[in-house]
J.: 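Please find one structure pasted underneath; my questions will follow.
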Amino acid sequence: MTTPNTPYPQPGSYPAVPPPEKQQVFDIRDILWRVTRYRWLLVVPIVISMSGAAIYYTLAPAIFESHVLVAIDDQAQVSGALQGLVQPDRDRDTPRERVTLVDSKVRSRRFLQELSLRSGFNRDPQVVKDAERASRRWRGVPRDEFAIRFASARLSKRIRVTPVEGTYVRISAMGPAPEEARRIASLIADILIEESKRTNLERVQARGEFSADQITVYEERLRKSEDAYQRYQESLIRNVLSSNPVNDRNIEDARGLINMAESEMAQVKQRLESEQRDFAGAANGASVPDLQGGKAIELSNRLVELESSASAAALSDKEKSDRNIAGIQASIASTRQMLLAELELEASQLKGNLSDEAQSAATGIALDRAIIRSLTLKRDRLRGLISEYARTVQSTPREDMELARLKGEVDTNRDLLNALRREQTSSRISEALETSGLGFRLSVLEPPQLPYRASEPDPFKIFAAAALLGPLGAAGIVLLGEKVRLVVRSVEQAEEELGARVIATFPRIEGWSRPGTYFQNNWPVMVIIAVVFLTGSFFALNATVFAPHPIVKVKAETKK
Amino acid sequence: MKRPQRTLFDSFNLDAPHVTEARRLLQTLARRERDESHPPKVYMVTSAGRGEGKSTICGLVSMVAARIFRRKTLVIDADLRRPSLHSLLGLNQRPGLAELMEGSASVEEATRSTLIGTLSAIPSGRPTKSVGDTYDDFAFRELLDQFRPQYDLIFIDCPPVVPVMEPLLIAEHVDALLLVAMAGATQVTMIRRMRQILAPLEPKIAGAILNNATDGLPYYYDYRYYGYESPKPKRVREIRTPAKPPSQDDAAARQVARERGGA
């Protein structure tokens, strides 16, 4: 028995079959071959799309477009000084921002409602019918409101805002009739200018009112902050006025005075001790008498005051104090003498048998005590002044900061108040400009005209889209068919699936029809013929049967 | 629309691509015969489904084998359900294989001459009973045994493998199988199913034939791409009224025509 599945049983006797070449990714000949193969299938979508475009172009309602050219930022010239006050940032608007501004204004609910009311579009029969239906469905909202809403929504779709060169903006209004398109465009321009004027006026008035309110608030704030600042300054001044004479220049002098007082006090204490011993020896154990008469007390207090004055004079300005110090020292010496004389008098008048030595010792003791007391008070006062000075030095930065804060608050409030006053002035000027008609931001450059031909449907766009979509659809169908249909498409695939070597590839016998039924082989051509026939029939019927009869048209116009 | 009735003889042109391809196929088979001790003589042509061109290829290859390779060739139409070989060869459908199986006709009656003298054909015939009852596997094997010494090559046009049982039975009696698939039309799933069915007979598969290369395969399988398309096919009338002196084939054709007229 043979082994038929091995076509080359003796490999040496035949040349080896070369392995199949890898298929190229992009082969233009293969594409052309496929185009030739699927030529009628490729034509089908193109014919369908072109026929559809032709029918759409015929059936689509004509839309007329009328436009108005508006200039934004066409403000009347004001002086340079006022320019910055009135509109400081207007030049920063880009064309796109201007278009957005106009577009948002035109499509605002308020604008569209005004437009629908003025144009009477809310009384359009179709709109009224829809509004009635909606009001029946949604109870609680009146029919007129629905009508205005629907009219506004439909009008919004008919408006288009596009930028033109410079600061110009074109506002297009569309309508099924030329007159309607022009009327809507004209109304848009009118309402837009009125709205712009009113809005600007309201804006500047609101600005002015806001500024006035804020000025009142900030005037009060400024007054309070100024009062606080002033009070603080006065308190500092008071502190300065009532302050001690010790400062950073004479603090060492003060300390020297303290040392001097203490050394003097030590000398006096030593003297006092010797006098006390003398008194004890002379008085035979009697106690030291109290020499505190009224005059002695008075002189003792004066001595204290003089010592204080002497220390104050020593700490004050040196040039002035030298003379004062000498005078005060002289007074201190005379007061001590007077005190001594008074004490001697009181000692002589003491009852008892005190010897002269005992009386003299008692007088010395009383005088030294008075001196020690005056020096002690002087020392304590100087110490207190030094301590107070140290405390003042520590608290000065905090006071400075507080002062700076209060001053800054005053400055801030004053600046804000000035800014508000400027804003108020600006709003007043702007209001005056708007009121006087000088401040229009919008002005109509070209009034709307009656369109003489429909803008839509645009035959070029429609047929261009069809010419583009047709081949794309055709290519898509072919590629999809090639990918989706799982059939034998190559020799390599057939060998793999059959498990046998392909030993012949038979072409179609020339002159014979393709395999398959007549419809399978010729359906693209049949579809093309059918589409062309149906399209032709449509146009024929449209031009004859469905065309409006001339007599009917004339009658309708007469009735109108 | 009814397809115009044409026979393979009408389109038989030695320069035609389909004839060239048939010659190439037979050349391959002939080389194999030379290299083998027991060269295959009986070939069965089948496919996965219907309408893939197996009858056309079977008839064409038979014609080329007889006309060009000068082999005494017999072609049998074993597709009793949807026969088409008789119309491709311009023969009457009956008597044929069905009548042979049913015993209502002799081998001499069923075996027809064609326009090519070395080519004989047995059409399908018209079974009076169901095909299942008519087809007799034992009788078919005896028939093949009877034909083997008489012919150099025998081609059997079989029904498709997937929907019908007979090809599997016939395949047991043949020497080799030729599988036909139509490029761009035959579903891969059907081919896989056919391969499953023929798995026990895989050693007998001599090769595969791809049909419809013009429309189903890449451009480099198309003869027209190389500028070697065949001349315009001649009409049937032109072949039947040759201007040149009548040859042996033409005499056979006249005989066939007489037989037809008699039938």
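Values in this document were obtained by computation on a predicted structure and should not be read as measured data. Order of the sequence lines sets the chain letters (A, B, ...), proteins ahead of strands, with each chain counted from 1.
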J.: Please indicate whether Y57(A) has more than 12 foreign heavy atoms, meaning atoms of other residues, nucleotides or ligands, lying under 6.0 Å from its OH.
T.: no
J.: Shorter than 4.5 Å, heavy atoms on both sides: which option in R24(B), M190(B), R192(B), E52(B) has the most such pairs with chain A?
T.: R192(B)
J.: Counting only heavy atoms not in R81(B) (residues, nucleotides, ligands), do more than 12 fall under 6.0 Å from its CZ?
T.: yes
J.: Measuring from T56(B):OG1 to R508(A):CZ, what's the distance to the nearest 0.5 Å?
T.: 12.5 Å
J.: For a side chain to side chain contact (heavy atoms under 4.5 Å, CB included) check, start with the C-alpha distance between I209(B) and V502(A), then their side-chain angles and the critical distance, and finish with the verdict.
T.: CA-CA 6 Å; I209(B) 300 167; V502(A) 172; over 6 Å; no
J.: Go through the steps for L25(B) and F506(A) under the test side chain to side chain contact (heavy atoms under 4.5 Å, CB included), then give the verdict.
T.: CA-CA 10 Å; L25(B) 168 65; F506(A) 275 83; 4.2 Å; yes
J.: Chain A heavy atoms under 4.5 Å from A48(B): which part of the residue, side chain, backbone, both or neither?
T.: neither
J.: Answer with side chain, backbone, both or neither: which region of Q493(A) has an atom nearer than 4.5 Å to a non-hydrogen atom of chain B?
T.: side chain
J.: Pick whichever of A213(B), A208(B), G184(B) has the most heavy-atom pairs under 4.5 Å with chain A.
T.: A208(B)
J.: Rounded to the nearest 0.5 Å, how far apart are CG of L88(B) and CD1 of I509(A)?
T.: 8.0 Å
J.: For R195(B), is there an ion pair with E497(A) - N to carboxylate O distance below 4.0 angstrom?
T.: no
J.: What's the spacing between T186(B) OG1 and L486(A) CG if we round to 0.5 Å?
T.: 11.5 Å
J.: Given heavy-atom pairs under 4.5 angstrom as the criterion, report whether the side chain, backbone, both or neither of L198(B) touches chain A.
T.: neither
J.: Does atom CZ of R23(B) have more than 12 heavy-atom neighbours, drawn from other residues, nucleotides or ligands, at distances under 6.0 Å?
T.: no
J.: Show your reasoning for whether side chain to side chain contact (heavy atoms under 4.5 Å, CB included) applies to V487(A) and V188(B).
T.: CA-CA 5 Å; V487(A) 295; V188(B) 171; 5.5 Å; no
J.: I need the residue from A181(B), G53(B), A185(B) with the largest number of non-hydrogen atom pairs under 4.5 Å to chain A.
T.: A185(B)
J.: If I compare all heavy atoms of L210(B) with all of S490(A), which pair ends up nearest, and what's the gap?
T.: CD1-O, 4.1 Å
J.: Grab the two heavy atoms, one from A500(A) and one from I205(B), that are nearest each other, plus how far apart they are.
T.: CB-CG2, 3.8 Å
J.: So which atom in P507(A) and which in E21(B) form the shortest heavy-atom distance, rounded to 0.1 Å?
T.: CD-CB, 4.2 Å
J.: Do the non-hydrogen side-chain atoms of M194(B) and L498(A) ever get within less than 4.5 Å of each other?
T.: yes
